[in-house]
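Report on the structure given below.
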Number of protein chains: 2
Amino acid sequence: MVTISDVRAAGLLGDPYRADCPTRRILDRIGDRWTVLVVVALADAELRFSELRRRVEGVSQKMLTQTLRGLERDGLVRRTVHPEVPVRVEYDLTEAGRTLLVPLQALQEWSVEHLGEVTASQEEYDRA
Amino acid sequence: MVTISDVRAAGLLGDPYRADCPTRRILDRIGDRWTVLVVVALADAELRFSELRRRVEGVSQKMLTQTLRGLERDGLVRRTVHPEVPVRVEYDLTEAGRTLLVPLQALQEWSVEHLGEVTASQEEYDRA
DNA sequence: CGGAATCCACGGTGATACTG
DNA sequence: CAGTATCACCGTGGATTCCG
């Protein structure tokens with residue numbers, strides 16, 4: 001049971017409603033379709049652009065580029081260019097990027113744990 | 001330092017890349033602009049529609065309605081209609097909804113902790 | 001008060017073609 | 001191989017109006 005005071009004590013309250021609050025800014029960033037998937041894909045290995053594209057199912061080349069640029073700009077992903085022919089570019093998480101995996105994991109655990117419950121609720125709702 | 005094995009041991013890997021994986025489905029759900037803010041707004045109190053609208057800065061009536069319907073469908077928010085005149089409708093989190101606050105809090109803590117770092121990285125990136 | 005319905009604009013996204 | 005550039009779409013979301 002998660003009590004109100006648990007949440008309060010943890011400082012979750014305050015004003016996460018304001019557009020400029022940190023939580024909202026981060027959620028806006030990772031809220032897009034691909035950012036989280038790319039970060040997770042880089043959890044266990046440094047990957048080349050094309051490898052990344054194969055791993056993250058459904059991402060277009062444009063969106064992968066765009067997502068990687070954003071993550072690089074945020075300092076969460078490092079881009080390494082090996083000046084060979086043909087060019088080899090590799091991506092991996094920075095230390096900051098790696099810390100982000102922790103909260104993402106909490107979210108993933110919640111998802112796995114509650115997906116059945118949520119799905120059941122949806123089906124019941126849709127019958128009415 | 002978050003190691004690769006930490007992440008691996010926690011079961012974050014697997015294939016969160018597939019479109020039908022739980023993580024992705026949940027992220028798609030809470031990834032929208034308002035869901036998280038509404039859940040957090042309901043963390044400490046049962047609220048009426050109009051109270052909720054005032055608390056969640058910037059949300060339109062349409063999107064608040066839509067967001068609440070979605071959360072109700074997922075079984076995360078409970079809607080209570082008091083048949084008075086005029087009608088009074090109140091919203092609060094279900095037990096499942098309350099558990100979702102925990103991972104959201106982890107994400108918020110990360111945001112607060114890393115916002116400065118991320119912002120600095122962005123500014124440096126933009127200079128180049 | 002708490003919505004539902006409608007109309008419409010914008011931007012995120014994908015497909016395609018081209019480049020160093 | 002790893003992008004950039006361009007175009008076209010369409011779904012999200014805002015503004016407005018109306019209803020029980």
Side-chain angles (χ1 to χ4, degrees), chain A residues 17-19 24-39 41-42 45-74 77-92 125-126 128, chain B residues 17-19 24-39 41-42 45-74 77-92 125-126 128:
Chain A
Y17 324 111
R18 294 206 326 258
R24 185 142 165 191
R25 288 188 49 190
I26 297 295
L27 284 170
D28 280 353
R29 269 294 290 119
I30 72 169
D32 72 83
R33 198 161 189 73
W34 305 113
T35 294
V36 170
L37 296 171
V38 169
V39 169
L42 289 171
E46 182 175 32
L47 294 176
R48 302 184 60 170
F49 186 86
S50 46
E51 292 169 332
L52 213 35
R53 192 175 173 186
R54 272 189 298 275
R55 283 193 85 157
V56 181
E57 187 172 302
V59 70
S60 68
Q61 180 264 348
K62 173 184 169 184
M63 291 317 299
L64 181 54
T65 299
Q66 191 170 307
T67 302
L68 286 167
R69 289 294 169 278
L71 286 168
E72 196 189 350
R73 191 172 100 102
D74 293 342
V77 158
R78 181 179 53 172
R79 179 175 185 267
T80 311
V81 181
H82 301 271
E84 307 166 353
V85 186
V87 183
R88 189 174 92 244
V89 182
E90 297 198 310
Y91 294 91
D92 64 341
Y125 185 95
D126 291 343
Chain B
Y17 323 113
R18 295 207 325 260
R24 187 142 164 191
R25 288 189 47 190
I26 297 295
L27 284 170
D28 279 353
R29 269 293 290 119
I30 72 167
D32 73 83
R33 200 160 189 72
W34 306 113
T35 295
V36 170
L37 295 172
V38 168
V39 169
L42 289 172
E46 181 176 32
L47 294 176
R48 302 184 59 170
F49 187 86
S50 45
E51 292 169 332
L52 213 35
R53 193 174 172 188
R54 272 191 297 275
R55 282 194 87 156
V56 181
E57 188 172 302
V59 70
S60 68
Q61 177 262 333
K62 173 184 170 180
M63 292 317 299
L64 181 53
T65 299
Q66 191 170 307
T67 302
L68 287 168
R69 288 295 167 279
L71 286 168
E72 197 189 350
R73 191 173 100 101
D74 292 343
V77 158
R78 180 180 54 174
R79 179 175 186 266
T80 310
V81 181
H82 301 271
E84 307 166 352
V85 185
V87 183
R88 189 173 93 243
V89 182
E90 296 199 308
Y91 295 91
D92 64 342
Y125 185 95
D126 291 342

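All heavy atoms count here, side chains included; hydrogens, waters and symmetry mates do not. If you're wondering where the values come from, they're calculated on a predicted model, not measured in any experiment. Chain naming here is simple, since letters A, B, ... match the order of the sequence lines and numbering starts at 1 in each.
Looking at which nucleotide of DNA chain D each of A:F49 and B:P86 is closest to, the 5′-most match is held by A:F49.
Taking atom CZ of residue A:R33 and atom C1' of nucleotide D:dC10, one finds them 14 Å apart after rounding to whole Å. C:dG2 atom P lies 19 Å from atom CD of B:Q66, rounded to whole Å. Atom-to-atom, OH of A:Y91 to C1' of D:dG3 comes out at 8 Å; the value is rounded to the nearest Å. Here C:dG3 presents its P atom at 8 Å from CG of B:L64, a figure rounded to the nearest Å. Rounded to whole Å, atom C1' of C:dT13 lies 15 Å from atom CG of A:L37. Following rounding to the nearest Å, B:R29 (CZ) and D:dT12 (P) show an atom-to-atom distance of 12 Å. As rounded to whole Å, 13 Å separates atom C1' of D:dG3 from atom CZ of A:R48. Taking atom CH2 of residue B:W34 and atom P of nucleotide D:dG11, one finds them 22 Å apart after rounding to whole Å.
In this structure, B:D28 and A:R33 have side chains that are in contact, with non-hydrogen atoms separated by less than 4.5 Å. At a threshold of 4.5 Å between non-hydrogen side-chain atoms, the residues B:L37 and B:V59 do not count as touching. Looking only at side-chain heavy atoms (C-beta outward), A:D32 and A:R29 come within less than 4.5 Å of each other. When side chains are defined from C-beta on, A:K62 counts as touching A:Q66, because their heavy atoms get closer than 4.5 Å. The side-chain heavy atoms of A:L52 and A:L68, taken from C-beta on, include a pair separated by under 4.5 Å.
The listed nucleotides are D:dG14, C:dG3, D:dG3; the one nearest the side chain of B:V89 is C:dG3. The B:M63 side chain lies nearest to D:dG13 when the options are C:dT13, D:dA2, D:dG13.
Across all non-hydrogen atoms, the minimal contact from A:Y125 to B:R73 is CD2-CG, 3.4 Å.
For B:S60 and D:dA15, the shortest distance from a side-chain N or O to OP1 or OP2 is not below 4.0 Å.
Of the candidates A:R48, A:R78, A:R79, A:R78 is the only one forming a salt bridge (charged side-chain N to carboxylate O under 4.0 Å, His left out) with A:D92.
Helix bend of the helix from C:dC1-D:dG20 to C:dG20-D:dC1: the angle between its two end axes, each built from five pairs, comes to 50° after rounding to 10°.
Once rounded to the nearest 0.5 Å, the distance linking CD of A:E72 with OG1 of A:T65 reads 11.0 Å. Residue A:L47 holds its CG atom at 14.5 Å from CZ of A:R53, rounded to the nearest 0.5 Å.
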Write out a two-atom table: protein N or O, nucleotide N or O from nucleotides 4-6 of chain C, distance below 3.5 Å.
{"unit_1": "C:dA4", "atom_1": "N7", "unit_2": "B:Q61", "atom_2": "NE2", "d": "3.4"}
{"unit_1": "C:dA4", "atom_1": "N6", "unit_2": "B:Q61", "atom_2": "OE1", "d": "3.0"}

